[in-house]
Amino acid sequence: MNEEIELKDPVLPLGRPTLGSAGETGDWRTFRPKFIEENCIKCYKCWLSCPEGTIRVDAHGEFPYIDYDYCKGCGICVHVCPGRKKQKALEMVPE
Amino acid sequence: MNEEIELKDPVLPLGRPTLGSAGETGDWRTFRPKFIEENCIKCYKCWLSCPEGTIRVDAHGEFPYIDYDYCKGCGICVHVCPGRKKQKALEMVPE
Amino acid sequence: MMTEIRIVSRGGQGGVTGAKMLAYAGHLDGKFVQAIPKYGAERKGAPIFADVRISTTHVKTHAPVITENTHSWIVLDPSLIQTIPLSKLSQDTLIIINSQEYPKSLQNENKLRIGKVDAVKIARECGLIKSGTEMVSTVMLGAWVKATNMVSLESLKNAVKHQFGDGELTDANIRSIELAYSQFEFI
Amino acid sequence: MMTEIRIVSRGGQGGVTGAKMLAYAGHLDGKFVQAIPKYGAERKGAPIFADVRISTTHVKTHAPVITENTHSWIVLDPSLIQTIPLSKLSQDTLIIINSQEYPKSLQNENKLRIGKVDAVKIARECGLIKSGTEMVSTVMLGAWVKATNMVSLESLKNAVKHQFGDGELTDANIRSIELAYSQFEFI
Amino acid sequence: MNVKIPEMMDRPEVLLRGNFACAGCGLSIAYKTAISALNRPIVVIPACCSSVIQSLHPNVTYNVPTLNIAFAAHASAASGIARAKKMRGEDTTTVVWSGDGGTFDIGLATWSGAAERNENIIHFCYDNNFYSNTGAQRSGATPRGAVTTTTPGGKKEKRKSIVRIMAAHDIPYIATASIGYPRDLYTKVKKASLIEGYRFILIDAPCPTGWNSDPALTPELGELAVKTGYFPLYEIEKGKLTFSRRGERYRDPEKRVPIEEYLSKQSRFKKMTSTQILEVKKDIQHEWDQLSLFE
Amino acid sequence: MNVKIPEMMDRPEVLLRGNFACAGCGLSIAYKTAISALNRPIVVIPACCSSVIQSLHPNVTYNVPTLNIAFAAHASAASGIARAKKMRGEDTTTVVWSGDGGTFDIGLATWSGAAERNENIIHFCYDNNFYSNTGAQRSGATPRGAVTTTTPGGKKEKRKSIVRIMAAHDIPYIATASIGYPRDLYTKVKKASLIEGYRFILIDAPCPTGWNSDPALTPELGELAVKTGYFPLYEIEKGKLTFSRRGERYRDPEKRVPIEEYLSKQSRFKKMTSTQILEVKKDIQHEWDQLSLFE
Amino acid sequence: MKEMVQTLEKPQTKLMTGSEAVATAAKLSRPQVIAAYPITPQTEIVETLSGMVTRGELNAEYINVESEHSAMGAVIGASLAGTRTFTATSSHGLLYMGELVWWAGLTRIPVVMPVVNRSLNPWNIWPDHQDAMTFRDAGWIQFYAKNNQEVLDLTICAFKIAEHHKIWMPVMVCLDGFILSHTTAQVEIPSQSDVDNFLPSFKPLAMLDPDDPFAHGSLTDSEGIWEQRMSLIAGFDNARVIIPQILTEYTEKIGRLGNYMVEVTGDIDNAECAIVALGTMGEEAEQAIEFLAEKNIKAVVFRPRVFRPFPKKELISLIKQVPRLLVIDRAVSFGNAGQLAIEIQAELYASKVDVKFYQIIRGLGGKDVSYADIAAEVEKVLKEDK
Amino acid sequence: MKEMVQTLEKPQTKLMTGSEAVATAAKLSRPQVIAAYPITPQTEIVETLSGMVTRGELNAEYINVESEHSAMGAVIGASLAGTRTFTATSSHGLLYMGELVWWAGLTRIPVVMPVVNRSLNPWNIWPDHQDAMTFRDAGWIQFYAKNNQEVLDLTICAFKIAEHHKIWMPVMVCLDGFILSHTTAQVEIPSQSDVDNFLPSFKPLAMLDPDDPFAHGSLTDSEGIWEQRMSLIAGFDNARVIIPQILTEYTEKIGRLGNYMVEVTGDIDNAECAIVALGTMGEEAEQAIEFLAEKNIKAVVFRPRVFRPFPKKELISLIKQVPRLLVIDRAVSFGNAGQLAIEIQAELYASKVDVKFYQIIRGLGGKDVSYADIAAEVEKVLKEDK
Ligand SMILES: Cc1ncc(C[n+]2csc(CCOP(=O)(O)OP(=O)(O)O)c2C)c(N)n1
Ligand SMILES: Cc1ncc(C[n+]2csc(CCOP(=O)(O)OP(=O)(O)O)c2C)c(N)n1
Ligand code: SF4
Ligand code: SF4
Ligand code: SF4
Ligand code: SF4
């Protein structure tokens with residue numbers, strides 16, 4: 001009957017894994033965690049508990065660092081950081 | 001606009017309790033329980049276990065009797081009847 | 001040409017299976033067939049019916065048989081005669097009853113063709129009893145074949161084999177058909 | 001006459017509540033009003049907006065404000081200026097920004113009317129801080145009233161009372177409005 | 001202590017004669033016994049054999065107010081009734097009367113919610129171990145090894161322990177009962193009716209049609225289930241379990257009637273191998289062991 | 001024995017940075033920790049906060065195959081996946097990732113069926129004690145006394161003991177875990193992944209937005225729940241319960257941190273009276289007592 | 001019957017969202033049992049009502065059910081037990097209660113349920129009418145409200161309509177999610193005594209009662225079903241007559257609402273084109289014709305406020321008066337077309353009305369539809385048909 | 001495309017019920033995952049298939065789920081995991097899975113599901129089309145079969161149609177409960193190799209796969225929804241083209257089926273009246289016209305075998321050729337009219353076709369409809385229109 005219409009491919013509801021799928025969520029922050037290298041004992045508790053995966057560690061034995069593009073500034077890393085001699089290796093500072 | 005149409009009452013899906021709602025189910029029977037008065041000890045186990053309520057007892061202390069209009073002839077009453085001296089007070093007989 | 005048959009029975013007597021076998025026999029004879037059980041909420045013992053159509057062309061209707069058009073009524077329990085709407089039947093409608101004697105209620109029906117067979121007796125003879133109930137449906141089919149010749153006896157027997165497989169049950173049923181075929185009589 | 005206002009903010013800054021209060025102020029002035037929050041899946045910190053309409057007749061549209069028709073943009077966070085489609089704005093559209101200084105990105109926009117107020121400072125002064133975030137929305141409304149006079153200052157204050165009830169919070173917010181009213185300046 | 005038969009004799013006739021139930025129907029015995037023990041019951045019935053045996057509209061065999069409702073809506077509809085009657089200040093007993101399919105499977109979330117809210121309902125589950133209404137398909141209550149029309153090779157999994165699931169909801173009263181012991185059932189219902197909140201009674205109710213058993217044996221199969229330890233009788237009040245007088249002795253596996261006696265009377269277990277029977281015995285023992293923890 | 005952090009460091013990144021989760025989100029910690037411990041997971045997510053944090057189509061934050069499905073269809077969809085992958089001979093791990101609402105309430109019948117069939121699935125329930133997605137309404141997991149938007153006067157009933165309900169299904173592995181103890185969680189997931197059949201892990205996952213707690217305190221609230229005895233940590237393997245090293249000591253009420261310390265950090269408990277707090281303490285003790293039966 | 005229209009001349013007394021308007025209307029109607037389950041964007045209704053019950057402002061039993069299936073199950077039970085009942089839902093919640101939505105419709109349970117319209121899956125919380133349209137067959141009366149005031153007024157009327165003994169049917173009041181539910185606007189609130197005067201207390205037609213037992217909804221044969229289905233059809237015929245009467249009574253006793261099934265806005269006599277749309281798109285179209293008037297284009301809006309019963313006669317008598325018709329659907333019957341467009345065309349055929357017919361689908365999944373968009377569509381119609 | 005019609009000239013090879021025909025077709029189509037929940041009158045399908053799987057005649061995973069909601073959930077999961085899937089249901093079962101029926105439709109899951117049509121509540125197990133009609137919007141292709149042979153043939157085709165990469169949609173094959181499901185009739189069974197030759201193995205368009213992760217059905221904004229909805233509309237347009245092609249291929253490779261969307265029976269050129277009906281009522285109407293022919297009345301039957309996509313063009317081009325049309329619905333959109341009648345009228349309007357139009361509703365709740373009844377209705381039409 002109407003064989004000549006162009007047959008379109010279906011659009012399926014597929015989302016692909018994407019870094020920053022919600023944008024650069026770093027700008028949700030009002031405070032930022034600041035790293036103080038001398039106090040860090042490389043226990044990686046910050047890495048373990050950061051909900052965002054924005055505490056990065058390149059390899060075991062390296063210092064952690066923060067991906068500020070996406071860090072939402074929740075303060076968990078600071079809260080869990082034991083630091084050295086009660087001196088935390090992370091602190092929250094205003095943006 | 002069309003106010004003059006006759007407004008009918010709703011028909012609700014209500015069923016009323018009715019004896020013999022499925023007809024006289026006595027004719028489903030191929031065997032019937034027969035009561036043998038002399039063996040009956042009035043324990044009323046038949047009454048207790050008859051699924052149909054077709055073992056009738058007018059009052060405590062009276063003999064049971066059977067409502068053949070609805071008795072389906074399952075044989076439970078016979079099976080549960082202890083009877084007197086191992087002589088059951090009920091037996092199944094062909095219709 | 002389409003023949004419509006209604007089998008009237010009680011739940012448990014095998015009426016529905018009977019309808020399937022009759023249809024199968026027609027199938028083996030090269031006819032188009034249909035077997036329609038009328039399903040309800042009824043349990044064992046309750047009156048039910050099943051319809052069969054045997055036709056030379058593809059059957060297009062799916063409705064229960066229409067009373068006026070029904071060629072035959074096969075009644076598996078004489079107490080069910082009362083369920084037949086006699087006044088609506090057409091001239092020469094066939095009624096076959098499982099009964100020892102001529103049912104009184106049909107005595108004045110002279111527009112009908114009425115036949116009987118003592119299917120209970122035959123079923124007992126052949127040992128066709130299940131949970132205390134005589135399985136009379138194949139018996140009645142044997143009688144119907146005798147009365148009408150509308151399917152071949154051979155096909156009916158093969159239909160029984162198809163239904164019950166090889167074995168005693170089939171043998172008993174086939175024997176019952178043969179007995180019915182010989183004992184059936186018009187009244 | 002219908003005035004359409006868009007409040008641009010981040011989740012948590014109070015933009016949606018601000019829209020409601022502004023609408024309420026209009027309501028107290030005897031106008032027809034509407035406050036439409038644009039809901040998304042966004043969480044705290046994400047950019048959101050809310051629209052307000054103030055009209056002399058019943059508002060029939062339910063759509064978000066149309067860019068070209070928008071009378072005022074109230075921007076609660078200077079980093080959100082970039083979300084305004086400047087090229088589509090009409091002549092004399094008002095933009096009020098929470099900012100200490102004149103935003104560079106707007107320096108060449110001469111068809112617009114631009115004003116600013118340091119709402120963060122005022123909010124801090126008045127103690128309007130919640131979970132570390134300055135609640136700048138009432139401040140900004142105070143500035144807008146100064147800029148436009150489209151609702152009365154009295155009504156805005158009453159709207160704040162209505163929103164927060166009697167108590168410190170209301171007092172602080174009213175103070176912030178007054179400060180904003182006095183500190184607002186066109187650029 | 002069980003009620004005496006004479007005390008039962010003035011109970012109301014809740015199930016009228018002449019209905020669609022099969023001859024020897026276990027659920028009929030269960031219904032009659034349980035519902036007649038209640039004060040002004042209003043009964044909610046989801047899809048199940050009980051919605052069939054009531055016969056065709058406009059007649060009905062049930063002589064108490066009955067709400068037929070969708071399969072998975074029993075306890076929610078009952079919640080609505082219980083709350084409404086409370087609002088109206090009427091003295092009634094709200095009842096769910098459901099098969100095992102409705103209770104163990106499709107309607108589980110529904111009653112779990114009602115149980116969590118501790119709605120003032122008595123939930124009866126008559127348990128025939130499968131979907132009887134639709135022709136004997138597997139349910140969560142079907143025991144291991146039983147043939148159903150959807151487990152033609154015998155069910156592979158053991159049956160859900162609905163009582164332990166209920167018990168985990170910490171409701172005030174739970175009991176098991178059997179149509180093999182109608183006085184015990186009646187007594188438990190009477191007891192339950194004096195308690196407030198969500199109460200659950202599981203009733204073993206053989207189905208001769210689906211189990212392909214002799215209709216006359218329906219009560220005996222109920223008894224055998226108890227005596228073989230397959231269906232223990234007990235009550236759980238405020239978390240504390242007491243085995244019933246009729247059931248206690250079967251705690252000792254030695255005292256149990258051999259399970260084979262129970263299985264052999266029903267063709268649904270015909271295909272079971274001896275290894276399967278052993279597994280079923282293990283299932284039984286496991287259940288007793290678990291239940292004993294709550295004593 | 002808990003895994004060491006270095007051993008965790010090469011886990012895959014399953015939750016990509018820059019998503020819709022609130023700052024300090026407990027479920028994000030739970031998801032990252034649990035899912036990264038699995039071999040080739042396929043994750044089924046019913047309606048819940050996890051369906052929001054994944055961000056807007058056509059982007060998604062989850063870096064593993066994810067099926068979003070209707071609220072009550074988690075375990076059934078997962079059953080379909082598990083069976084299909086079995087048919088295809090593919091080596092994958094099928095996972096349900098559901099909130100407490102999906103697990104305790106609307107989807108309970110669904111998982112109960114899957115558990116009875118012993119489908120080869122790991123079911124995670126991250127438990128934030130309410131419906132977070134829709135704005136903090138009561139769920140079956142909401143504890144007594146907690147204010148939610150549908151229990152503005154505080155919830156009257158205690159929280160469902162989902163673990164005991166699960167346990168009554170006799171599934172091979174059950175565990176509780178907390179985002180306060182990520183290594184313990186990770187270790188348990190690893191262990192579960194080696195077992196076949198239906199496995200259930202309940203993860204305490206505070207929600208700073210809904211609980212109105214300081215986002216930085218999310219892990220600490222997890223720890224406090226354990227230390228106050230409010231959220232005991234344990235495993236149930238083949239019916240046998242073992243309290244986890246991190247949790248065992250709080251069996252003794254004397255050793256528990258006072259519950260008030262936990263409650264006071266969340267405004268949802270602000271309205272609680274001291275009698276209510278007493279009741280909650282009883283609820284806690286009741287749960288411990290019941291759990292101890294399974295030891 | 002004299003014609004009355006919605007009057008909104010003066011600023012109203014309260015500012016509230018559509019959800020608050022629903023909750024307020026419900027409260028004023030004194031439901032006795034409420035059961036509901038949260039779902040965006042209906043949650044505010046549920047939350048507000050549970051707050052009212054908790055604070056004792058509303059004397060009702062509030063059941064915090066564990067799903068929508070159970071919400072509808074509970075109100076069915078409660079209604080049959082003799083109480084006025086209320087629930088509300090949206091989207092997937094409506095689908096999840098679907099079996100019981102049908103149950104309530106086919107067995108005549110006079111429950112009132114606002115549906116906060118929201119699109120269906122994949123997950124999307126924004127408005128369209130796909131959810132409620134799915135139940136247009138199900139034996140429910142359906143209203144679609146255009147603004148928060150109408151939400152409130154119709155919800156109160158819904159109880160009276162549902163419970164009218166010649167109707168006795170469930171009623172759905174549809175309001176566009178977010179667009180109404182979350183938007184604050186002015187709403188005039190009637191006094192409790194005015195509402196009490198309009199809406200008497202619940203009078204069950206049949207009640208579950210141990211003193212007079214019946215079985216509700218038991219197994220029914222074809223004859224019984226046929227009778228009940230025909231009665232349902234007759235019930236809708238009754239509703240066509242009674243709904244305007246009840247709206248009239250409301251307008252007289254309480255004010256403002258108007259008594260039409262289809263609202264007409266604009267100058268029908270000179271209109272070059274009529275627009276038909278439901279809910280807020282209808283009011284948006286009203287704005288559109290003002291916008292068009294500025295360009296000297298004359299258009300008129302026919303807004304069916306009632307979709308079930310389908311207001312055939314009303315629509316036809318209006319459409320007859322215009323040369324062109326633009327129907328805008330906010331839902332699709334996939335594999336055919338927009339539901340509203342299909343049904344209107346069917347009526348046009350049946351009534352042999354000749355009008356230039358145009359249909360479009362807009363606003364799916366919450367896509368914004370502004371008066372400017374609608375106006376542009378009208379201009380397109382006029383251009384095409386030249 | 002050359003026209004092909006269903007051929008049933010010779011007695012067929014097997015006697016079977018409609019349920020067995022479904023199960024046989026399913027088996028021949030080699031589904032890999034089956035999940036279903038029993039409900040009268042669908043049970044025989046489920047039971048037969050579980051028997052086949054248990055006996056090893058069919059290499060599939062059979063999931064004995066605990067509800068229909070879960071049945072559809074399971075096949076959605078299994079389909080996306082890369083397998084061919086099958087389920088079947090009826091009536092309340094269909095309603096109970098409603099949320100996921102929509103899910104499958106809107107997110108494009110190519111599952112095949114026979115629906116054994118049965119009426120809705122109050123409890124009634126007998127046939128009508130109310131159940132399937134409820135889902136006419138839901139993004140499913142819908143077939144209605146007229147006899148057991150068509151049930152079998154369409155079920156096999158359904159897999160190929162569902163899985164065509166330009167369609168990729170779920171397909172419902174409707175068969176009247178009892179009337180087909182429980183009635184024994186002759187059915188010709190194709191060989192496995194013929195079916196294998198017609199139906200290749202499952203080729204997923206997208207599969208849940210750890211090596212290529214995606215999220216299916218995640219939160220989507222209005223633009224995304226709009227795009228997917230428009231794609232679904234386009235999918236139905238594709239289906240209009242492809243379905244006849246697949247039916248042609250089936251008829252060529254396997255035989256008998258015919259390739260039409262709307263079947264025509266009778267002498268269209270001389271017909272005084274055409275009858276439109278779905279499913280077995282369509283075949284019943286065929287019998288009715290033979291019956292009428294004996295009375296010298298000429299009628300023709302147009303039976304839409306496909307209801308979604310709605311075969312507009314096909315119907316219109318046929319209706320144009322007849323003077324009168326009688327549409328018989330076996331369901332009602334309460335508050336309006338029969339669904340089939342509504343949609344045909346809408347098309348007649350759109351196409352400006354002038355035919356004398358008559359509509360009736362028959363067969364609700366299993367009320368018998370015989371060819372004599374239908375013939376009588378045609379006679380009534382002819383009498384009325386004189
Ligand atoms: C949603 C839904 N699915 C399926 C059915 C079909 N159905 C009716 S009763 C029943 C089984 C009931 O089983 P059970 O609860 O054990 O009660 P029984 O029939 O054994 O008495 C089923 C599957 C239905 N009515 N509704
Ligand atoms: C059938 C249905 N009802 C309601 C909803 C709305 N809804 C979405 S998520 C949700 C609550 C989820 O709660 P929970 O499972 O605890 O997860 P959380 O949101 O806390 O992460 C609700 C009620 C829905 N999507 N579908
Ligand atoms: S928690 Fe603190 S000490 Fe430990 S690795 Fe992180 S920054 Fe260093
Ligand atoms: S502040 Fe929060 S999000 Fe940022 S790095 Fe620390 S834990 Fe992660
Ligand atoms: S059971 Fe037997 S002995 Fe007992 S009352 Fe009945 S008939 Fe008499
Ligand atoms: S045979 Fe059965 S039905 Fe008849 S009286 Fe005895 S127990 Fe009752």
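The chains referred to below are lettered A, B, ... by the order of the sequence lines, with proteins before strands, and numbering in each begins at 1.
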Non-hydrogen atoms of chain H under 4.5 Å away: do they reach the side chain of C/I66, the backbone, both or neither? side chain
So which of C/I114, C/I187, C/D118 actually passes side chain to side chain contact (heavy atoms under 4.5 Å, CB included) with C/I97? C/I114
Are there over 12 heavy-atom neighbours, none belonging to C/K104, within less than 6.0 Å of that residue's NZ? no
If you draw a 6.0 Å radius around CD in C/Q91, do more than 12 non-hydrogen atoms from other residues or ligands fall strictly inside? yes
Could you check whether the rings of C/Y24 and C/H27 sit parallel, tilted or perpendicular, using 30° and 60° as the cut-offs? tilted
With a 4.5 angstrom heavy-atom cut-off, is it the side chain or the backbone of H/T40 that approaches chain C, or both, or neither? neither
Heavy-atom cut-off 4.5 Å, strictly under: side chain, backbone, both or neither for C/V59 against chain H? backbone
Interface moiety of H/T265 toward chain C, non-hydrogen atoms closer than 4.5 Å: side chain
Look only at the side chain of H/Q42 and the backbone of H/S91, and say whether a donor-acceptor pair between them is shorter than 3.5 Å. no
So which of H/A372, H/A185, H/S370 has the largest heavy-atom pair count under 4.5 angstrom toward chain C? H/S370
Less than 4.5 Å to any heavy atom of chain H: does that hold for the side chain of C/D51, its backbone, both, or neither? neither
